[in-house]
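Bear in mind that the values here come from a model prediction, so they are computed numbers and not experimental data. Only heavy atoms go into these numbers, but all of them, side chains included; no hydrogens, no water, no symmetry mates. Below, chain A is the first sequence line, B the second, and so on; all start at residue 1.
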There are 2 protein chains.
Amino acid sequence: MMGGGDVERLIQLLSRLPGLGPRSARRAALTLLRAPQTRLIPLAQAMEQAAHSVRTCSVCGTLDSSDPCSICADPSRDHSLICVVETVGDLWALERSRLHPGTYQVLGGVLSALSGIGPEDLNTASLLARVSSGEVREVILALGATVEGASTAHWLQEKLAAHDVAITRVGHGVPIGGALDVLDDGTLAAALSARRPAQ
Amino acid sequence: MMGGGDVERLIQLLSRLPGLGPRSARRAALTLLRAPQTRLIPLAQAMEQAAHSVRTCSVCGTLDSSDPCSICADPSRDHSLICVVETVGDLWALERSRLHPGTYQVLGGVLSALSGIGPEDLNTASLLARVSSGEVREVILALGATVEGASTAHWLQEKLAAHDVAITRVGHGVPIGGALDVLDDGTLAAALSARRPAQ
């Protein structure tokens with residue numbers, strides 16, 4: 001046993017984090033234990049604080065320390081433009097890009113017969129409520145380019161068809177800065193079919 | 001800002017851990033925030049607990065939730081055999097191998113003119129006290145096969161020369177330029193069993 005039960009338990013819990021294996025969990029634990037006042041206790045307190053404050057936004061479904069979240073509560077965002085994403089991580093990626101001026105809807109997953117995820121498991125009730133209010137002009141479907149993402153997009157499109165709202169999908173194709181010869185056939189097919197006149 | 005200040009702060013502190021960059025810190029934070037009761041709070045509590053309980057062993061210098069540590073307090077260990085290592089991580093590596101029946105001395109570093117680490121910065125006082133007590137028959141120097149490790153071993157050898165104690169060094173098997181805590185058990189076993197009297 002290394003360092004007594006408390007150290008073992010810390011290493012064990014750290015090693016469950018994605019991206020940390022047993023070895024890096026031990027390194028992380030040592031780093032923390034060597035500086036209890038400046039590293040270990042601040043991190044523990046940040047975790048306790050987050051556990052108490054962070055909740056699911058009742059409007060869009062993201063994780064935030066306030067409800068409605070800081071995006072949904074921001075009057076400078078375009079609330080008539082909703083970007084539908086699968087996960088909170090996807091929302092964070094778009095926020096880092098600062099490219100989306102509107103708000104979001106986090107589904108919390110995509111339809112998947114294999115994983116047993118049906119329409120009732122997705123966070124869509126508040127999306128339909130927002131669209132029904134008539135204040136939404138466009139819904140951007142920014143779901144993954146997978147079979148599940150595509151079928152979820154198709155299903156959402158049908159659900160929203162009755163409303164007076166534009167429904168768009170993010171473009172699929174060759175990533176900027178990416179080389180063609182590393183791409184799979186599906187991406188190449190999408191890139192070819194999305195071709196436009198060169199300028 | 002992603003998820004409000006509390007989420008930002010959690011990600012920022014996680015990203016300072018060795019082995020976690022910004023991207024994996026975000027993934028780790030999401031994993032924790034999605035399961036506050038089963039993952040986030042238990043980890044926070046394990047950290048608080050470790051911060052309160054873990055201290056430096058006054059005998060050997062390792063980190064443990066008791067003092068003397070669980071190794072120094074274990075009557076089944078061979079207290080006449082002390083293995084000198086550079087770091088707590090090195091001690092953990094040897095403990096995982098279950099190859100060393102004795103106790104340890106954690107120096108907390110090696111002599112290094114470049115890093116400004118002198119003899120007074122190393123945890124050697126308790127080693128000399130233990131050896132002076134006459135109850136130690138062998139000191140194994142298990143320092144890294146680096147210039148600093150070798151010069152530290154040489155310096156320790158001179159300090160211990162006046163005492164009636166065998167001084168050995170771990171043998172071939174430690175790769176030149178390598179650190180102990182990345183080695184596999186087989187290499188550690190070879191190094192331990194090939195130990196020879198220091199020259």
Report, in residue-number order, which members of [range] are under 4.5 Å from chain B by heavy-atom distance.
range: residues 152-167 of chain A; value: none
range: residues 77-87 of chain A; value: T87(A)
range: residues 26-46 of chain A; value: R26(A), R27(A), A28(A), L30(A), T31(A), L32(A), L33(A), R34(A), R39(A), L40(A), I41(A), P42(A), L43(A), A44(A), Q45(A), A46(A)

If I compare all heavy atoms of [X] with all of [Y], which pair ends up nearest, and what's the gap?
X: L188(B); Y: S97(B); result: CD1-CB, 4.1 Å
X: S15(B); Y: G21(B); result: CB-O, 4.1 Å
X: N123(A); Y: C60(A); result: ND2-O, 3.4 Å
X: D6(B); Y: S65(A); result: OD2-CB, 3.7 Å
X: P68(B); Y: A73(B); result: O-CB, 4.2 Å
X: D74(A); Y: S70(A); result: CB-O, 3.3 Å

I need the [X] [atom1] to [Y] [atom2] distance, nearest 0.5 Å.
X: S24(A); Y: L17(B); atom1: OG; atom2: CG; result: 10.0 Å
X: I71(B); Y: H100(B); atom1: CD1; atom2: NE2; result: 8.0 Å
X: D67(B); Y: T56(B); atom1: CG; atom2: OG1; result: 8.5 Å
X: C57(B); Y: Y104(B); atom1: SG; atom2: OH; result: 13.0 Å
X: L141(B); Y: L107(B); atom1: CG; atom2: CG; result: 8.5 Å
X: T62(B); Y: L91(B); atom1: OG1; atom2: CG; result: 4.5 Å

Less than 4.5 Å apart, any side-chain heavy atom of L122(B) and any of I117(B)?
yes
Please look at [X] and chain A and tell me whether the side chain, the backbone, both or neither of the residue comes under 4.5 angstrom of a heavy atom of that chain.
X: R96(B); answer: side chain
X: V88(B); answer: both
X: I11(B); answer: side chain

Full working for side-chain contact (heavy atoms from CB on, under 4.5 Å) between E148(B) and L143(B)
CA-CA 9 Å; E148(B) 288 86 358; L143(B) 302 171; over 6 Å; no
With sequence neighbours excluded, tell me which residues meet salt bridge (charged side-chain N to carboxylate O under 4.0 Å, His left out) with E138(A).
none
Against chain B, label R23(A) side chain, backbone, both or neither, depending on which of its atoms sit under 4.5 Å from a heavy atom there.
side chain
Option that, when pairs with chain A are counted at under 4.5 Å, heavy atom only, ranks first among M47(B), R16(B), E48(B), R9(B)
M47(B)
